[in-house]
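Note sheet for the following structure.
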2 protein chains.
Amino acid sequence: MFSKACEYAIRATIYIAVQSNQDNRVGLKDISKEIDSPEAFTAKILQQLSKNNIINSIKGPNGGFEIDKKDMSKINLSQIVMAIDGDTIYKGCGLGFKQCSEKQPCPVHDKFKVVRDELKHMLETTNVLELSVGLKKGLTFLHR
Amino acid sequence: MFSKACEYAIRATIYIAVQSNQDNRVGLKDISKEIDSPEAFTAKILQQLSKNNIINSIKGPNGGFEIDKKDMSKINLSQIVMAIDGDTIYKGCGLGFKQCSEKQPCPVHDKFKVVRDELKHMLETTNVLELSVGLKKGLTFLHR
DNA sequence: ATAATAAAAGATAAATTTGTCTTTTATTTT
DNA sequence: AAAATAAAAGACAAATTTATCTTTTATTAT
Ligand code: FES
Ligand code: FES
């Protein structure tokens, strides 16, 4: 569904959100340990998220990553997916045509579109704050 | 969403269905040209489909691939996806855990499950015969 | 200013997926 | 039986994704 990079991105963002909510800035090492991801690869992904203004990065001692509390409810999964995987999940065709199209649809177009649109809606209406709540409560997990 | 191999598999199956409905057995060259896929790679995929009893393959002169007319309405997209990509799309976790689990769910589990289940339902209730109808009528396309 | 810290950037490397080429096997026609 | 046809099988190669390692830059504390 999503690339590995995107999966790590979502996990990392949720973890940073939980910590930022408690005014804890977190470093790369911390993050990759907590979400069980390769450290250097995670660094690249965090850079992308930072460039896309999804997280803030601070260099130097006591540096790390954080998310503004006021932004958390405005960051949704769609923004993260777009930042890492681009819009292929929205514009791509279920059978692999470069672009999905109503004019020249593939055989599964009508049925695929329904699912894709629901996925899109889910990603757009799920924000990082709500996801962080379940995690903080211990109801959900970032690793096993 | 699906692997390239799986996309080719679905396209090929639909094309073979259309032709089989008109009692035309079709060869690899024909298929890969029609669905615009790499020939040798397509051959591997057709082998998989044949091993999984989704299509029949016949060797030798006037050989090729075909689907029993009576089976067409019983072959659904789910079977094709399972044959090529396995069950990751059903059992996999949206955030990359090996197995999705109710006991130890990831933060997006509840929301992801809804979409995944709808995808599953769509794949299970869409059969090859109905997809081949739109194609034969010229309403849908296997290439652009 | 200097040293220490932590992320950014860039260069490689491993793994996986996608794609190709050659040889073999099965089947049919002559 | 021999030749021709077409898929199966196996080995190989390219491309992409995932992952690692090293050097540089920015920031802070001493
Ligand atoms: S054209 Fe294939 S999904 Fe729209
Ligand atoms: S545990 Fe992640 S989707 Fe179920």
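A, B, ... follow the sequence lines: proteins, then strands. Residue 1 opens every chain.
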Quick one: which of [options] gets closest to the side chain of [X]?
X	options	result
B/Phe65	D/dA7, C/dT27, C/dT18	D/dA7
A/Lys59	C/dT20, D/dT20, C/dA7	C/dA7
A/Pro38	C/dG19, D/dA7, D/dT20	D/dT20

- Item | Touch class at under 4.0 angstrom, heavy-atom based, for A/Lys29 against every strand present | nothing
- Message: Students often get this wrong, so: under 4.0 angstrom with heavy atoms, is A/Leu46 touching a base, only sugar-phosphate, or nothing?
- Response: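 No contact.
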Do the side-chain N or O atoms of [X] get closer than 4.0 angstrom to the phosphate oxygens (OP1, OP2) of [N]?
X	N	answer
A/Tyr8	D/dA19	yes
B/Asn62	C/dT27	no
A/Lys51	C/dA9	yes
B/Ser57	D/dA8	yes
A/Gln47	C/dA7	no

Any ion pair linking [Y] and [X] (charged N to carboxylate O, less than 4.0 Å)?
X	Y	value
B/Glu102	B/Lys113	yes
B/Glu34	B/Lys29	no
A/Asp87	A/Lys91	yes

